[in-house]
Amino acid sequence: MDTSNHTPLSWEEITNNLDGVKKQGIRQFIYQYKKHKDRRNDPLYWGDEIEYMIVKIDDEEKTTKLCLKAKDVLETLNKRNIGNRTPIWTPEFGAYMVESIPERPYSDLLYSISEVELSMKERRKELTSVLEEDEIPFTLPSYPRLGVGCFAVPSTERNPNNVTSKPWFSPDDVIYKGRQRTTSIHQNIKDRKGGKIEILIPVYQDIKTKLAFPAVIKTKCKMEQSNDNSIFMEGLVFGAGCCGLQTTFQMDNLDEARFLYDQLVNICPIMLALSAASPVHRGYLSDIDTRWPVLSQSFDDRTDEEKGQKPLKNDRFRIQKSRWSSVETYICPEHSQYNNTDIVYDKDSYEELKNEGLDEALSKHIAYLFIRDPLFLCSETLDQDEILDIQHLENINSTNWQTLRLKLPICNTSTGWRVEFRPMEIQLSDFENAAYAVFVFLVTRIVIAYRLNFVIPISKVDENMSAASKRDAVLEEKFYFRRNSFSDKSITEIKITKPGQLKTKDGNDFCRMTIDEIINGNVEFPGLIPLIKTYLESKCEDTDEETNHLTNSYLKLISDRASGAEPTTANFIRNFVTTHPYYQQDSIVSDIINHELLKACAKKSNGGIK
């Protein structure tokens with residue numbers, strides 16, 4: 001719904017309308033569920049979302065700056081594309097960001113794999129065509145010197161010693177102003193939690209690393225875990241201003257969508273570590289490799305009471321996770337035994353959902369989403385019809401930024417039940433991004449074709465998510481993964497010998513594995529890529545030699561990243577910085593290092609990985 005001419009409500013006004021809005025949102029879900037629960041035979045369509053940041057490179061001054069021109073760029077692109085079948089371009093949080101999706105979805109036919117990289121290349125080419133010669137559209141998760149000095153054009157420099165109620169490092173003019181939802185969410189997160197958005201991540205401790213946390217700010221910071229070895233960031237833009245790569249898969253029906261959702265829960269941390277590409281934040285080398293912890297803290301709107309730092313008085317729930325987090329619960333009844341954490345959920349919503357015929361697993365999932373408050377409401381859309389409208393439901397669902405999202409059919413369209421896969425870091429080149437997108441697509445195919453079972457206790461998934469962002473996690477960490485993933489159907493169809501010992505000595509059917517073992521296989525688990533190759537061999541009549549060659553090149557990249565034969569983007573960036581002749585072993589990524597780093601990244605993005 002277009003809300004550009006509507007009047008956004010302040011947080012105080014939202015709180016005065018919470019009960020009615022949430023009740024309408026639950027009623028909207030119930031209506032949509034009943035309408036679409038028996039829907040069948042939707043084709044498998046899938047697609048990607050790619051976010052770009054626009055950077056100006058000055059070779060004379062040896063500097064790079066974020067270009068705050070997304071509004072003008074989008075206007076130019078959308079005027080040019082009127083009436084044409086072209087990619088869809090939309091704004092993102094940062095005034096230097098744009099997002100694109102393909103002009104049409106990809107199909108489940110294997111030959112459509114060849115369309116993915118072509119689409120990504122066309123989109124990058126189209127975006128580049130409306131930029132100046134010294135401006136580059138980067139697919140890079142986080143801009144290394146965001147918040148440091150004069151990091152954008154037009155200039156946005158702030159003095160970090162001037163501690164006021166405004167952000168210390170991220171002026172509001174780096175936020176995209178052309179969309180009310182963006183600015184409202186930014187303000188309402190702060191108002192709801194009752195303070196600034198404060199982010200701390202560990203700095204990479206090198207030989208000469210000094211204080212990365214300015215003393216003048218440390219005295220004002222509320223965060224209890226603050227210490228001298230932290231990189232401090234303040235403002236939603238440090239998380240929301242990151243770029244990502246998402247994929248969405250339409251399924252045949254709701255049951256299949258729920259099954260796929262559950263099987264992808266533990267694939268999320270694996271793909272987060274495997275796609276790691278964000279080791280630098282606010283001009284410092286950090287001791288993490290992904291943007292996920294920054295996003296989680298950026299979007300954390302919990303109050304002190306909800307975090308457990310104060311007794312519950314004004315709030316209803318103790319909430320364990322940020323709005324940006326891994327999933328809290330499996331949504332298929334047969335996997336409920338693996339929901340071994342204390343799930344907080346809105347009991348009134350849960351009872352209403354159960355009374356309307358929903359099973360316990362799905363009721364708890366929806367009731368968990370509804371412990372959150374809407375972050376954006378307009379006066380014109382407060383009162384809605386549960387049959388004709390869906391906006392109150394979508395306001396809640398779309399602002400629970402979990403690793404996966406179950407998406408409802410879109411009213412009055414042919415779009416059905418979908419699962420959105422959200423954890424991956426975006427890569428530098430179109431080849432890499434296509435490889436990661438295609439790999440996840442192929443994982444969904446083997447999950448559905450062979451009825452694979454990757455479900456483990458949700459507490460172990462949480463541990464995997466914590467490990468996934470650590471420095472060099474892809475090589476140094478081990479992840480809980482199911483040893484025996486095969487149903488009777490999969491054993492028959494792919495001719496796998498069933499392991500004699502299904503459980504470990506402690507009685508569990510999962511154990512800790514390296515990502516190399518999960519992707520490429522070991523004595524207990526054949527590996528995702530060998531399973532994919534078996535699937536592809538069974539479908540050889542559905543493809544051609546060129547597509548096979550391309551698919552194998554994608555799988556080789558994923559395999560090599562998992563084994564360490566090919567470094568992750570995070571590893572490439574970290575090594576570039578630490579081996580640069582101007583690096584002082586102090587964790588600082590200076591202007592000149594950043595300039596040469598982005599030049600190297602630009603070269604990779606144009607040429608890809610051979």
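Residues take their numbers from the sequence shown, with the count starting at 1. The basis for the numbers below is simple: all heavy atoms, side chains too, and nothing from hydrogens, waters or symmetry mates. Treat the numbers as computed from the prediction; the structure is a model and nothing was measured.
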Does the side chain of Asp42 come under 3.5 Å of the side chain of Asn253 through a donor N or O and an acceptor N or O?
-> no
field: Ion pair check, Glu356 and Lys34, cut-off under 4.0 Å
entry: yes
Inspect the contact between Arg483 and Glu524 and indicate whether a charged nitrogen and a carboxylate oxygen are less than 4.0 angstrom apart. yes
Q. Cation-pi between Arg471 and Tyr204: NZ/CZ under 6.0 Å from ring centre and within 45° of the ring axis?
A. no
- Query: Between the side chain of Asp262 and the main-chain N/O of Cys332, is any donor-acceptor distance below 3.5 Å?
  - Reply: yes
Any donor and acceptor pair, going by atom type alone, linking the side chain of Ser466 with main-chain N or O of Asp462 inside 3.5 Å? yes
* Using atom types as modelled and distance alone, determine if a side-chain donor or acceptor of Thr139 lies under 3.5 Å from a backbone N or O of Leu428. => yes
Review point. Under a 4.0 Å N-O cut-off, is there an ion pair linking Arg323 with Asp301?
Key: yes
What class does the angle between the rings of Phe486 and Phe525 fall in, given that below 30° is parallel, 30 to 60° is tilted and above 60° is perpendicular? parallel
Practice task
Would you mind checking if Arg422 and Glu420 are paired as a salt bridge, meaning a charged N to carboxylate O distance below 4.0 Å?
Solution key: yes
- Would you please classify the geometry between the His36 ring and the Trp417 ring as parallel, tilted or perpendicular, with 30° and 60° separating the classes? perpendicular
* So does Glu425 pair up with Arg291, basic N to acidic O under 4.0 Å? -> yes
Margin query: Counting the benzene-type ring for Trp, do His392 and Phe370 have ring centres under 6.0 Å apart?
Written below: no
*NZ (Lys321) with more than 12 external heavy atoms under 6.0 Å*: yes
* Asked: Do Lys22 and Asp346 meet the salt-bridge criterion of a basic N to acidic O distance under 4.0 Å?
  -> no
Test side-chain contact (heavy atoms from CB on, under 4.5 Å), reference Asp315, set Lys307, Glu306, Lys310, output is Glu306
ask   = Ser469 side chain to Thr290 main-chain N or O, any donor-acceptor pair under 3.5 Å?
value = no
### Query
Can the ring centres of Phe431 and Tyr554 be said to be less than 6.0 Å apart?
yes
Does the side chain of Tyr436 come under 3.5 Å of the side chain of Arg561 through a donor N or O and an acceptor N or O? yes
**Donor-acceptor contact below 3.5 Å, side chain Ser322 vs main chain Ser325** = no
key: Residue Tyr45 excluded, over 12 heavy atoms near OH under 6.0 Å   = no
Practice item. Could you tell me whether the side chain of Asn355 and the main chain of Glu351 form a donor-acceptor pair under 3.5 Å? Key: yes
Next item on the list: Begin with the C-alpha distance, continue with both residues' side-chain angles, and end with the deciding distance and a verdict on ring-ring contact (aromatic ring centres under 6.0 Å, His included) for His281 and Tyr143.
Entry: CA-CA 7 Å; His281 301 273; Tyr143 181 70; over 10 Å; no
Exercise for review: Please check if the distance between the ring centroids of Tyr345 and Tyr350 is under 6.0 Å.
Suggested key: yes
Please step through ring-ring contact (aromatic ring centres under 6.0 Å, His included) for the pair Phe510 and Phe481, ending with a clear verdict. CA-CA 5 Å; Phe510 58 90; Phe481 205 78; over 10 Å; no
Problem - Residues Asp359, Arg258: salt bridge by 4.0 Å N-O rule - result: yes
Note to self: Distance alone, cut at 3.5 Å: any donor-acceptor contact between the side chains of Asp48 and Asn433?
What the structure shows: no
Look at the side chain of Gln250 and the backbone N and O of Pro43, then say whether any donor-acceptor pair between them is shorter than 3.5 Å. yes
Is the backbone N or O of Pro457 less than 3.5 Å from a side-chain atom of Asn340, with the two atoms forming a donor-acceptor pair by type?
-> no
Subject >> Atom CD of Glu256: over 12 foreign heavy atoms under 6.0 Å >> reply: yes
Notebook entry, point to check: Going by atom types only, do Gln263 and Arg482 share a side-chain donor-acceptor pair under 3.5 Å?
Noted result: no
